[in-house]
Amino acid sequence: MPFTLLDENDRVLLFQGQTVTEHFLKRLKQRGLTTVIAEIVEEIQEEAAKEDVSFETKVKTLSCLEDTMENLVKGCSVSLEPLEENVTSILEEVRAHEELVIPIVQLKRHDDYTFTHSLNVAIIALFIGRFIGLEEEELVRLGLGALLHDLGKLKIPQEILRKPTTLNQSEWQVVKQHPLIAKQLLDEQKGVEDLVKFVPLEHHERLDKSGYPLHLDPWEIHLFARIVAVADVYEALTSERPYRKALPLTEVVEYLMGNAGYKLDDIVVRTFVSRLSPYQVGDVVRLSDGREAVVSRLNPVLPFRPYVQVRTPDGKGGFVVEEIDLARSLTLTIVEELSLKSRVILPE
Ligand SMILES: [Fe+2]
């Protein structure tokens, strides 16, 4: 069972799903750990195994986000500058993805869902914003708004947010207040630009006016809020929640496409879906011929047909590694995602 590895002070050493690089192995070794269970990715070329946004940037942003949101909720005077610096760091890394494929964001911690959900939504929103062609300044405002989109939830009782069953009518009314609460908290601060407030206030508005809290007409919903609405729905549906399992990617894409132009912005959904990669480098999959393979490179044009590596015994006790371009091997498809575990010995 994969888990997040914490040190004695509950600080995160490794997140569930984090790639175990040489750097982390050394760090774990220094802390006296001798073995760790990890997924096999050793055959993957290092340059191909890049993440959407680095672990360090995610951890730094999460800690800044937690401080900022908690101080905003307490009513302290807060500067958004440190958070803005983190958005700029995320943007630099998002820009490094020449292949224009959105990897599935892996950083998940179920104990503080609001924060990790907000970070994941911001990363996805920045990818979409960049694909749509927003200017640098706009992207920074979009990123800030996305990071703070669920700020109001910090004022909603935990027993409602974590309720494992469907919310009743009155509980649902309480949850629906969170966009207005966020707007109010940001209004109380000096110097927060209106562009940052559109997302927290409007991310649950829908084009058919079925959203909340203001039931805006479609032309009134800010583009940033339309972008975050798509990122938010995607992130929520692909995450496991107390009341339901994570939905498979194909179902989530179906849902987004089904609501494009109806509840969600058509161009935003199409931009997002066309760049979405269903696989990460390092995913272990089963091919239609029964062989197990490891995703070695993504294909931005045909994201459902990445490059994979298969290992074939060489007859001398070793293996020959062969890379297959699934875009060219049309008789082969991925039929299943597997989770292969191996014991990795930490270096001396
Ligand atoms: Fe929300």
Side-chain angles (χ1 to χ4, degrees), residues 61-62 65-66 68-70 72-73 80 83 87 105 107-110 112-126 128-129 141-163 166-187 192 194-216 220-244 246-247 252 255-256 259 263-265 268-269 272:
T61 309
L62 260 188
L65 181 63
E66 288 187 29
T68 309
M69 280 171 87
E70 275 160 11
L72 282 168
V73 168
L80 293 187
L83 206 53
V87 172
V105 182
L107 185 64
K108 307 268 188 207
R109 284 169 63 192
H110 297 292
D112 56 3
Y113 178 73
T114 298
F115 297 118
T116 50
H117 166 72
S118 301
L119 174 60
N120 289 342
V121 166
I123 293 171
I124 296 165
L126 287 173
I128 300 175
R141 303 295 170 282
L142 167 67
L144 273 176
L147 280 173
L148 296 171
H149 78 279
D150 268 346
L151 171 67
K153 280 202 177 159
L154 265 64
K155 287 256 189 185
I156 307 288
Q158 282 295 308
E159 58 269 26
I160 296 183
L161 288 182
R162 290 172 182 248
K163 195 178 169 190
T166 315
L167 300 181
N168 64 35
Q169 202 59 25
S170 64
E171 290 164 334
W172 186 227
Q173 288 309 320
V174 173
V175 171
K176 281 180 165 181
Q177 293 300 309
H178 78 272
L180 291 169
I181 296 171
K183 170 77 163 52
Q184 200 182 345
L185 287 170
L186 292 171
D187 280 345
V192 178
D194 284 346
L195 262 184
V196 175
K197 298 175 190 170
F198 283 120
V199 170
L201 181 62
E202 298 178 10
H203 68 282
H204 286 291
E205 297 291 337
R206 295 294 180 258
L207 301 183
D208 63 354
K209 299 178 89 165
S210 64
Y212 60 88
L214 305 173
H215 309 284
L216 296 173
E220 294 178 297
I221 306 171
H222 196 276
L223 173 63
F224 291 3
R226 294 165 184 241
I227 291 174
V228 171
V230 172
D232 187 25
V233 168
Y234 168 82
E235 213 290 324
L237 294 181
T238 52
S239 299
E240 195 158 311
R241 303 296 299 124
Y243 44 87
R244 62 154 172 75
L247 291 182
V252 177
Y255 179 86
L256 291 174
N259 284 291
K263 287 178 187 290
L264 300 168
D265 186 288
V268 173
V269 170
F272 176 65

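Worth knowing before you read on, the calculation uses all heavy atoms, side chains too, and leaves out hydrogens, waters and symmetry mates. Note that the structure is a prediction, hence the values are computed from the model and not measured. Atoms within a ligand are numbered from 1 in the order they appear, just like the ligands themselves.
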#### Entry: Derivation and outcome, side-chain contact (heavy atoms from CB on, under 4.5 Å), residues L148 and L80
CA-CA 10 Å; L148 296 171; L80 293 187; 4.2 Å; yes

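Under a 3.5 Å cut-off, the side chain of E202 and the backbone N or O of H222 do form a donor-acceptor pair.
Between the Fe ion (ligand 1) and the N, O or S atoms of H203, the shortest distance is to NE2. Closest approach between the Fe ion (ligand 1) and any N/O/S atom of D150 involves OD1.
One distance of note links CD1 of I156 with NE2 of H178; it measures 7.5 Å at 0.5 Å rounding.
Backbone or side-chain N, O or S atoms of H178 reach the Fe ion (ligand 1) at under 2.8 Å.
Taking the six-membered ring where the residue is Trp, the centroids of H117 and H149 are separated by under 6.0 Å.
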